[in-house]
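Following: one structure in structure tokens, then a few remarks.
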Amino acid sequence: MLIEKAIQAAQAAGDLPAFEMPTIEIRPPKQAAQGDYACAVAMALAKPTGKNPLDIANAIANHIQKPDFVSAVEVVKPGFINFRLNESWLQQQVEAIITEGDRVFQLDTFKGKRAQVEFVSANPTGPLHVGRSRGAMVGDTIARILEAAGYTVEREYYFNNAGVQMTNLGNSLRIRYLEALGLPVEVPASDNTTFYQGEYLKDFARDLVAEQGNSLVEADWQPFKEYAEKRMFGIIKQTLARVNVSHDVFFNENSLYDDGSVTHTAEVLEKAGYIYRSAASQNPGENQPGEHDEENAGKGVATWFRSTALGDAKDRVLIKSDGNPTYSLPDIAYHINKLNRGFDLLVNILGADHNAQYKVVQYGVEALGFDPSIIHVIIIQLVKMVRNGKEVKMSTRRGDYDTLDDLIDQTSADVVRYMLLARSPDSHLNFDLDLAVKQSNENPVYYIHNAHVRCAGIAREAAKQGITDDGADLGKLGAAELRFLRKALELGDVIDSSAHELAPHRIAFYAHELATVFHPIYDEVRALQPDIDPATQKARLRFYRAAQVIFKRVLTLMGMSAPERM
RNA sequence: GCGCCCAUAGCUCAGUGGAUAGAGCAGCAGUCUUCGGAACUGAAGGUCGGGGGUUCGAAUCCCUCUGGGCGCACCA
């Protein structure tokens, strides 16, 4: 804004020729000596104007109307325009931070906009395992960041309680139930892919016996499935609650069948000309003739979605030859449902193992005439658990996996949240179990926590000594405190860019950087030493109070606790 | 074979086309007997996987090769 106005003024004054306004970025430079904020726009303007970047920068700088929070504008070598913040303005930010408290850096960038984040969305066939939980942390943190950027956010969990896996779950519980009653029943071997080995099913079976006795001996899988589902969701919600994750809406895929959305979606696709029926071998896509002939021999006719018309590599089956839809059709119907709910932004967190699936949905949404651009899919790369430098394999179906609950028990909710968050979603994540368990300074979580703890400790000690920070003269704050304040003021930009890019890991890195700036200051800037004059003491106490506010805000944004003691 | 992701210090990773590529940990050398040390300081560590290209300027964008991960069902 500031620079844009200056450029316009320079153009009006004839110091710069006419050109299209470029996108202007202002950001903190890497070196502190280069000022607090810097702008490189003059270099980008060298080409369109045909002028020397340094001259352009000077022309712009000469027309900048310096606001009160800027103390200096400097033009440097290649053509950077550097800004320095006014120090007394900086000092006053301590009051601003304290006044805003828990809502400090609550932005209104997206005020009035509604966003929905869909995440976790695991079917209730078992407890959440570690692989899934990365999406839980990322999804919830994105939701928190969007809220901080001004959105009203709804968190949604999409699930399917029908299908083969749920039938297997019902059957598995039935076997455990009969076993619990002491009836002769064969428990399948551990390599059986249709049997769930988890210990939790034994617990369910015991409880079911206690509640229902032997009344279900003759029943099929159905009542067992219903019971297991109910219990499973209870466990999942409880687990998520331990890491401060909760959902506003649980959306059942079945409701899309009940209200006719699924068949309606198929009909509309057909009217739009994207549907044909044929056996796989006649697929006009890339399938080689004869390739599928044998395996499709004897099968009926399937309903296909001509997604190749929209650029897909091959067409997709929507309704199988046995008459049942594939997952794609209800998935498309679900996204239409979401789009019709009037959100301004839809975020969908998916694991990398589902990376092919969302494209079909996108083609479907497009075919139905919707604008897919408000849908943002975040593909989370897989988590590799590492112990003693070696990978620990996991499996959902067998019983030997590491559940999120186990992990929280071994470490803590905060450690799990931070470790799973502090990596770009695009990046593969090695979860180092040794490091996570280790409560030492190798563990960044404790380093960040300790900053908050230290602030709280000072306040506690001051209260004990009867020293208050009322009426502090913030002019007494020195260079070290200003260093922290500059870093603290970046939080707004971090939230903003993190919200725009849907990159929640940035807040995690920022938190660590902020703590890195803080700890040396804590050593250097004493507040309660007896030889410090009372005015300085008050100012420093006030400063640490503001620092605590910032740390609490950052920790809360990550869904972590802000402990006052270790 | 096709699609998505990754390759940056010994290890784990940041890096929104801009200034001398940054942290943490490990290792090395120090401080400190404290408003809770789970701390602080310093030095060292790099042809940003290879090769082309675009640009005033590339770790970042494009092409290509190599090496990894995950997918590529009439399963969900």
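Note: hydrogens, waters and symmetry copies are ignored here, and every other heavy atom, side chains too, is used. Labels below follow one simple rule: chain letters A, B, ... track the order of the sequence lines, proteins then strands, and each chain is numbered from 1.
Nucleic acid contact class of A:His500 (heavy atoms, under 4.0 Å, all strands): none. A:Pro520 comes within contact range of the sugar-phosphate backbone alone, with a heavy-atom separation under 4.0 Å but no base atom that close. At the heavy-atom level, A:Gln34 lies under 4.0 Å from base atoms of the strands shown. Using a 4.0 Å heavy-atom criterion, one finds that A:Val445 contacts no nucleic acid atom at all. As judged by a 4.0 angstrom heavy-atom cut-off over every strand, A:Ile379 is placed among residues making no nucleic acid contact. At a threshold of 4.0 angstrom between heavy atoms, the contacts of A:Asn82 include nucleobase atoms, whether or not backbone atoms are also involved. Within 4.0 Å of A:Ala44, counting heavy atoms only, lies at least one base atom of the nucleic acid. Within the 4.0 angstrom heavy-atom criterion, no nucleotide atom of any strand lies near A:Ser497. Nucleic acid contact class of A:Ala422 (heavy atoms, under 4.0 Å, all strands): none. Using a 4.0 Å heavy-atom criterion, one finds that A:Ala356 contacts the sugar-phosphate atoms exclusively. Nucleic acid contact for A:Ser424: sugar-phosphate only, since backbone atoms but no base atoms lie under 4.0 Å from a heavy atom of the residue.
Distance, A:Asn324 CG to B:C75 C1': 12 Å, rounded to whole Å. A:His519 has its NE2 atom 16 Å from the P atom of B:A23, to the nearest Å. Put simply, OH on A:Tyr37 is 15 Å from C1' on B:U16, counting in whole angstrom units. Going from atom CG of A:Leu169 over to atom C1' of B:A76 covers 14 Å, rounded to whole Å. A:Leu350 places its CG atom 12 Å from the C1' atom of B:C4, with the value rounded to the nearest Å. Going from atom CD1 of A:Ile3 over to atom P of B:G18 covers 15 Å, rounded to whole Å. Rounding to whole angstrom units, NE2 of residue A:His428 and P of B:G71 are separated by 11 Å.
Listed nucleotides: B:C13, B:G24, B:C70. Nearest to the side chain of A:Asn430: B:C13. Taking every side-chain heavy atom of A:Asn123 into account, B:A76 is the closest of B:A39, B:C72, B:A76. Of the candidate nucleotides B:A19, B:U16, B:G71, B:U16 has the atom lying nearest to any side-chain atom of A:Arg27. Side-chain proximity of A:Arg423 to B:C74, B:G69, B:C13: nearest is B:C13. Of the candidate nucleotides B:A39, B:C74, B:A38, B:C74 has the atom lying nearest to any side-chain atom of A:Trp304. Distances from the side chain of A:Glu253 to the nucleotides B:C70, B:A38, B:A76 place B:A76 closest. In this structure, of B:A76, B:G18, B:G24, it is B:A76 that holds the atom nearest to the side chain of A:Asn160. Listed nucleotides: B:C74, B:G69, B:A39. Nearest to the side chain of A:Lys320: B:C74.
Ring geometry for A:Phe484 versus A:Phe543: interplanar angle over 60°, hence perpendicular rather than tilted (30 to 60°).
No donor-acceptor pair closer than 3.5 Å links the side chain of A:His335 to the backbone N or O of A:Tyr358. A donor-acceptor pair is defined here as one N or O able to donate and one able to accept, closer than 3.5 Å; no such pair exists between the side chain of A:Ser307 and the backbone of A:Tyr363. A side-chain donor-acceptor contact under 3.5 Å links A:Ser412 to the backbone of A:Val415. Of the possible polar contacts, none joining the A:Thr536 side chain to the A:Ile532 backbone as a donor-acceptor pair under 3.5 Å is found.
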Dot-bracket pairing map - RNA chain B, Watson-Crick plus G-U, both contacts under 3.5 Å, | cross-strand: (((((((..((((....[...))))..((((.......))))......(((((..]....))))))))))))....
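In this structure, A:Phe509 and A:Asp426 both approach RNA chain B, and ranking their closest nucleotides by distance from the 5' end singles out A:Asp426. Between A:Phe80 and A:Gly457, the residue anchored closer to the 5' end of RNA chain B is A:Phe80, taking for each the nucleotide with the nearest heavy atom.
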Residue pair A:Gln381, A:Asp426: steps toward the side-chain hydrogen bond (donor to acceptor under 3.5 Å, both in side chains) verdict: CA-CA 6 Å; A:Gln381 296 304 312; A:Asp426 284 341; 5.3 Å; no
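One finds no side-chain N or O of A:Lys47 lying less than 4.0 angstrom from the OP1 or OP2 phosphate oxygen of B:G17. Look at A:Lys359 and you won't find any side-chain N or O under 4.0 angstrom from OP1 or OP2 of B:C72. At B:A14, one or more side-chain N or O atoms of A:Ser427 fall inside 4.0 Å of OP1 or OP2 (strictly under the cut-off). Contact annotation: A:His505 does not reach the phosphate of B:C13 (side-chain N/O to OP1 or OP2, under 4.0 Å). Taking side-chain N and O atoms only, A:Tyr447 has no distance below 4.0 Å to OP1 or OP2 of B:A23. The phosphate of B:A38 has neither OP1 nor OP2 within less than 4.0 Å of any side-chain N or O from A:Asn443.
Ion pair A:Lys338/A:Glu118 flagged as a salt bridge, since at least one NZ, NE, NH1 or NH2 atom sits closer than 4.0 Å to an Asp/Glu carboxylate oxygen. Classification of A:Arg486 and A:Asp36 as a salt-bridged pair holds, one side-chain N sitting under 4.0 Å from a carboxylate O. Between A:Asp470 and A:Lys538 there is no salt bridge, since no side-chain nitrogen of the basic residue lies less than 4.0 Å from a carboxylate oxygen of the acidic one.
Here the separation of B:C65 from B:C4, taken at their P atoms, is 14 Å to the nearest Å. Of the P atoms belonging to B:U20 and B:C48, the separation is 15 Å, rounded to the nearest Å. When the P atom is compared between B:U16 and B:U8, the two are found 16 Å apart, to the nearest whole Å. Distance noted for atom P between B:U55 and B:C62: 16 Å (whole Å).
Tested against A:Met419, the residues A:Asp414, A:Asn430, A:Asn443 include a single side-chain contact (heavy atoms from CB on, under 4.5 Å) partner, A:Asn443.
Between A:His519 and A:Tyr447, the distance separating the two ring centers is shorter than 6.0 angstrom.
With centroids closer than 5.5 Å and planes inclined by less than 30 degrees as the test, A:Tyr327 and the base of B:A76 fail to qualify as a stacked pair.
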